[in-house]
**Student:** 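Structure incoming, see below.
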Protein chains: 2
Amino acid sequence: MHTWICPSFEKAMRLLAQRWTGMIIYQLLSGPQRFCHMESALGISGKVLSDRLKDLENEGIVKRTIYPETPVRIEYSLTDKGLAFEPIMREVERWSQTWLPSASP
Amino acid sequence: MHTWICPSFEKAMRLLAQRWTGMIIYQLLSGPQRFCHMESALGISGKVLSDRLKDLENEGIVKRTIYPETPVRIEYSLTDKGLAFEPIMREVERWSQTWLPSASP
DNA sequence: ACAGTTAGTTACTTTATGTAAGTAATTTTA
DNA sequence: TAAAATTACTTACATAAAGTAACTAACTGT
């Protein structure tokens with residue numbers, strides 16, 4: 001059994017270990033976005049994006065806002081809890097730039 | 001198509017989005033460890049741990065050292081590339097402590 | 001000799017992810 | 001005005017990844 005790792009930390013890691021979760025949060029760090037924009041920006045399928053956004057909404061990380069314009073516009077954005085991922089993303093960025101230099105063309 | 005996200009960043013995220021990868025790195029940040037110790041500390045199955053350690057070795061994040069004692073001892077440790085994950089883990093820890101306070105008993 | 005440990009592997013099941021097409025409500029274009 | 005496109009999804013199905021449990025092989029301690 002394993003009881004020696006902090007459960008909060010474990011849960012956070014489990015979130016990030018869900019495929020696409022991190023990329024979705026990173027994508028939303030650049031501002032509120034619509035479903036189909038995220039779909040093409042990330043190269044993710046509608047099904048998985050839909051699932052992930054629902055999960056992230058349930059976790060209180062993403063907020064779904066309906067603008068009842070005509071046509072209706074639905075935007076996804078980060079809550080404070082989601083915005084607080086920024087330092088993590090910055091460190092991932094730093095690590096990747098140091099240790100995974102882009103391949104030569 | 002999606003070409004606007006840095007490929008290095010994407011690769012780093014894909015690493016972390018592999019289940020257990022983050023937890024294994026975190027576990028090894030506390031020092032070199034043997035297979036069966038990690039197995040029980042993380043509550044991961046031997047099969048998956050074996051797979052992940054192989055992947056991480058190929059990525060140059062984990063080093064496998066054989067001590068030809070009797071009986072033979074095999075230890076897994078982080079390379080510099082692996083140790084450089086520490087700031088990321090610290091930020092994940094910080095986020096989790098702020099936003100995922102442990103449930104009441 | 002027998003049970004236990006270590007570092008795995010193998011076979012099989014379950015879950016997660018990906019792919020492609022479909023839908024319903026609009027809106028733009030010919 | 002009919003046909004095509006867009007948005008925000010869902011559904012059905014295929015494949016890949018993870019989990020479970022049992023097994024192996026080499027040793028070791030009792």
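Both backbone and side-chain heavy atoms feed into the values below; hydrogens, waters and symmetry mates do not. In what follows, chains are A, B, ... by sequence order, proteins preceding strands, each numbered from 1.
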**Student:** Hey, are the side chains of B:Ile88 and B:Ile25 touching, using non-hydrogen atoms and a 4.5 Å cut-off?
**Tutor:**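 When only atoms from C-beta onward are counted, B:Ile25 and B:Ile88 do not touch, as no gap falls below 4.5 Å.
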**Student:** With A:Glu59, which residues qualify under salt bridge (charged side-chain N to carboxylate O under 4.0 Å, His left out), at least two apart?
**Tutor:**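 Checked A:Glu59 against salt bridge (charged side-chain N to carboxylate O under 4.0 Å, His left out); matches are A:Lys11.
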**Student:** For A:Asp55, give me all partners under side chain to side chain contact (heavy atoms under 4.5 Å, CB included), at least two apart in sequence or on another chain.
**Tutor:**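 Applying side chain to side chain contact (heavy atoms under 4.5 Å, CB included) to A:Asp55 gives A:Gln18, A:Arg52.
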**Student:** Taking side chain to side chain donor-acceptor pair (under 3.5 Å) as the cut-off, I'd like each qualifying pair that reaches into residues 78-89 of chain A, sequence neighbours left out, listed once.
**Tutor:**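 Sorted result for residues 78-89 of chain A: A:Glu86-A:Arg90.
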**Student:** Does A:Ser45 have any side chain to side chain contact (heavy atoms under 4.5 Å, CB included) partners at least two apart in sequence or in another chain, and if so, which?
**Tutor:**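 By the side chain to side chain contact (heavy atoms under 4.5 Å, CB included) rule, A:Ser45 matches A:Lys47, A:Val48.
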**Student:** Shoot me the first and last contacting nucleotide of DNA chain C against chain A, ordered 5' to 3', at under 4.0 angstrom to non-hydrogen atoms.
**Tutor:**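 Answer, 5' to 3': C:dT17 to C:dT27.
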**Student:** Summarise how protein sits on nucleotides 7-16 of chain D as a single string, 5' to 3': B when a protein heavy atom is under 4.0 Å from the base, S for sugar-phosphate-only contact, - for no contact.
**Tutor:** SSBBBB----
**Student:** Give every residue pair that meets the ring-ring contact (aromatic ring centres under 6.0 Å, His included) criterion with at least one member in residues 35-87 of chain B, sequence neighbours excluded.
**Tutor:**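 Those involving residues 35-87 of chain B are A:Trp95-B:Phe85.
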**Student:** Please write out the pairs of protein N or O atoms and N or O atoms of nucleotides 23-30 of chain D separated by less than 3.5 Å, giving the distance to one decimal.
**Tutor:**
unit_1, atom_1, unit_2, atom_2, d
D:dT28, OP1, B:Thr70, OG1, 2.5

**Student:** Which residues pass the side chain to side chain donor-acceptor pair (under 3.5 Å) test with A:Thr65, not counting sequence neighbours?
**Tutor:**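 In terms of side chain to side chain donor-acceptor pair (under 3.5 Å), with neighbours along the sequence ignored, A:Thr65 is linked to no residue.
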**Student:** Within the structure, does a side-chain N or O atom of B:Trp20 lie under 4.0 Å from either OP1 or OP2 of D:dA17?
**Tutor:**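 The answer is no; no side-chain N or O of B:Trp20 sits under 4.0 Å from OP1 or OP2.
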**Student:** Mind checking what makes side chain to side chain donor-acceptor pair (under 3.5 Å) contact with A:Lys54, not counting sequence neighbours?
**Tutor:**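 A:Lys54 satisfies side chain to side chain donor-acceptor pair (under 3.5 Å) with no other residue.
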**Student:** Rounding to an integer number of Å, can you tell me how far B:Leu42 CG sits from D:dG19 P?
**Tutor:**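 My rounded result for the distance is 11 Å.
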**Student:** Scan residues 15-42 of chain B for pairs that pass salt bridge (Lys or Arg N to Asp or Glu O under 4.0 Å), counting only residues two or more places apart or in two chains.
**Tutor:**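 Of all non-adjacent pairs touching residues 15-42 of chain B, none passes salt bridge (Lys or Arg N to Asp or Glu O under 4.0 Å).
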**Student:** So, using side chain to side chain contact (heavy atoms under 4.5 Å, CB included) as the criterion, who are the partners of B:Pro32 when residues are at least two apart?
**Tutor:**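 Partners of B:Pro32 under the side chain to side chain contact (heavy atoms under 4.5 Å, CB included) test: B:Glu75, B:Ser77.
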